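Down below is the structure, laid out as C-alpha cells.
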Number of protein chains: 2
Amino acid sequence: MDEIDRKIIDLLSLDAKRSLADIGGTVGLSPSSVNERIRRLTASGVIKRFTVDLDPAAMGLETLVFVWIALREDADEASFRDFAETNPAILECHHVTGSWSYLIKLRVVAAPEIEGFLTDLKARKFLGRTETLIALSSSVSGAFVQKGSS
Amino acid sequence: MDEIDRKIIDLLSLDAKRSLADIGGTVGLSPSSVNERIRRLTASGVIKRFTVDLDPAAMGLETLVFVWIALREDADEASFRDFAETNPAILECHHVTGSWSYLIKLRVVAAPEIEGFLTDLKARKFLGRTETLIALSSSVSGAFVQKGSS
DNA sequence: GGTGAAACCCTCGTGAG
DNA sequence: CTCACGAGGGTTTCACC
C-alpha cells in the first residue's frame, strides 16, 4: 500500500470503469502494472468488490432512518445479529458505546414502514427501549450499495 | 425500472465486473440489451457510479464513530454543511429529527483523532452540545466507499 | 425495446529485463 | 516488480426486427 496504490484506489472509487491504460497514464505506470496492483489489492482484501453506487430515491427508498436499540435483558444477541444480517432494510447495525447497545440504519419506502419493522423486532422479543430518528436531509449521504442478496 | 432492471442491479451490486454476456445469460437477454439497460440506468441516475467497496481496516481506518451534534444558536448552517462535505473523514452527515440536529458518521485511524476533530468543530463556532459514540463492532457494516476526492 | 454480427478496444497471460 | 507484446474475450455500435 504505497502512494500509487492509494491513487489507484482514489481513481477506482470515482469510476471503477476507467481502463487500465487510462489509470496507468494518470499514475505513471503501464497498464499491466496497474492490473497487477489491482489484482493484489483485490486478493489481499483491500478492495472487497467492484460494485455500483445507487440512488436510493430512484430505487424507491426515500426514507433514511436511525433506530437506537437497547436489547431486552434476556435477548439472544446472536439471533438479533442474525436478524440484522438477514433483514434487507437494515443497511448497518453497530454495537456502540453509551447508553444504547445498538445503532441501526435502515432505508424504507416511507415512514409508516418503520412501524412494522419495530413491531417485528418486538414480536421477536428483542426490544427493551428504542428511539427512532428520521433523516430530514443529508448533506453528505455516503454511497448506497444494495445489500448482497446472494 | 422493471423486474429485469432490478435483477441487473442486484447482479452488478454483488459484482460489477461480471460480463454483459454473463448477466444476459442470467436474466435472459442478449449482451447488447443488457448493455443498453445499464446505459439507461446510468443515464437516468439510478446507478450513480461504478465504484469499489473497500476494507476500512486495510485502509488504516479502524475506528467508526458517530457524533450527535446540536449546533450553536448562531451557527451558520450552510458553512457547517460545507465543512461536512469538505472534511474527508466525514462519511455521512444527516439532518435528523429529535433533540439533536445533526448526526455525523466518520472513520478515523484511532480514537484520539476524534478529539482533534471536535476541537476543530468547536474552533469553527459550530458546536452547542455533542455526544460521541464509538462502534465496538458492526454485525452489518454496509459498503465503505471512499469519498470522492475530485 | 430486443437481436445478432462485426469492429474495436481492453484485459490478461507470457517472457524478458 | 515492471514492462512490452500478443492472443483471447468483452464491449460497443449498427442495421434490422
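Model, not experiment: these values are computed from the prediction. Naming: A, B, ... by sequence-line order, numbering from 1 per chain. Scope of the values below: all heavy atoms of this structure, side chains included, with no hydrogens, waters or symmetry mates.
At a threshold of 4.0 angstrom between heavy atoms, the contacts of B/S32 include nucleobase atoms, whether or not backbone atoms are also involved. Counting non-hydrogen atoms under 4.0 angstrom, A/R37 reaches the backbone sugars and phosphates but no base. B/S33 comes within 4.0 angstrom of a nucleotide base, judged by non-hydrogen atoms across all strands.
Note: CG (A/D22) to P (C/dT11) measures 10 Å, nearest angstrom. Summarising the geometry, the separation between CZ on A/R39 and P on C/dT14 is reported as 12 Å, rounded to the nearest angstrom. Between the CD atom of A/E36 and the P atom of D/dC3 there is a distance of 12 Å, rounded to whole Å. Atom-to-atom, CZ of A/R18 to P of D/dG10 comes out at 24 Å; the value is rounded to the nearest Å. Distance, A/I8 CD1 to D/dC1 P: 13 Å, rounded to whole Å. Rounded to whole angstrom, the span from the CD1 atom of B/I23 across to the P atom of D/dT12 amounts to 11 Å. If you measure from atom CG of B/L20 to atom P of C/dC10, you get 15 Å, rounded to the nearest angstrom.
Picking from D/dG10, C/dG2, C/dC10 the nucleotide with the shortest atom distance to the side chain of B/L29 gives C/dG2. Proximity note for A/S30 (side chain, C-beta onward) versus D/dC1, D/dG10, D/dA4: the nearest is D/dA4.
Positionally, the nearest nucleotide of DNA chain D for A/G28 lies more toward the 5' end than for the other of A/G28 and A/K17.
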Item to complete: Kindly indicate, with the supporting measurements, whether the criterion ring pair (Phe, Tyr, Trp, His ring centres under 6.0 Å) is fulfilled by A/W68 and B/W68.
Response: CA-CA 13 Å; A/W68 293 105; B/W68 296 100; 5.2 Å; yes
Worksheet item: Could you walk me through whether A/F80 and A/Y102 pass the ring pair (Phe, Tyr, Trp, His ring centres under 6.0 Å) check?
Response: CA-CA 10 Å; A/F80 170 72; A/Y102 285 93; 4.8 Å; yes
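Checked by atom type and distance alone, the side chain of A/K147 pairs as donor or acceptor with a backbone atom of A/I90 at under 3.5 Å.
Under the 4.5 Å side-chain criterion, counting only non-hydrogen atoms from C-beta, A/V145 is in contact with A/R49.
In this model, the phosphate group of C/dC12 is approached by a side-chain N or O of A/N35 to a distance below 4.0 Å at OP1 or OP2.
Linking Ile, Leu, Val, Met, Phe, Trp and Tyr whenever their side-chain heavy atoms come within less than 4.5 Å leaves B/V140 and A/I104 in two separate clusters.
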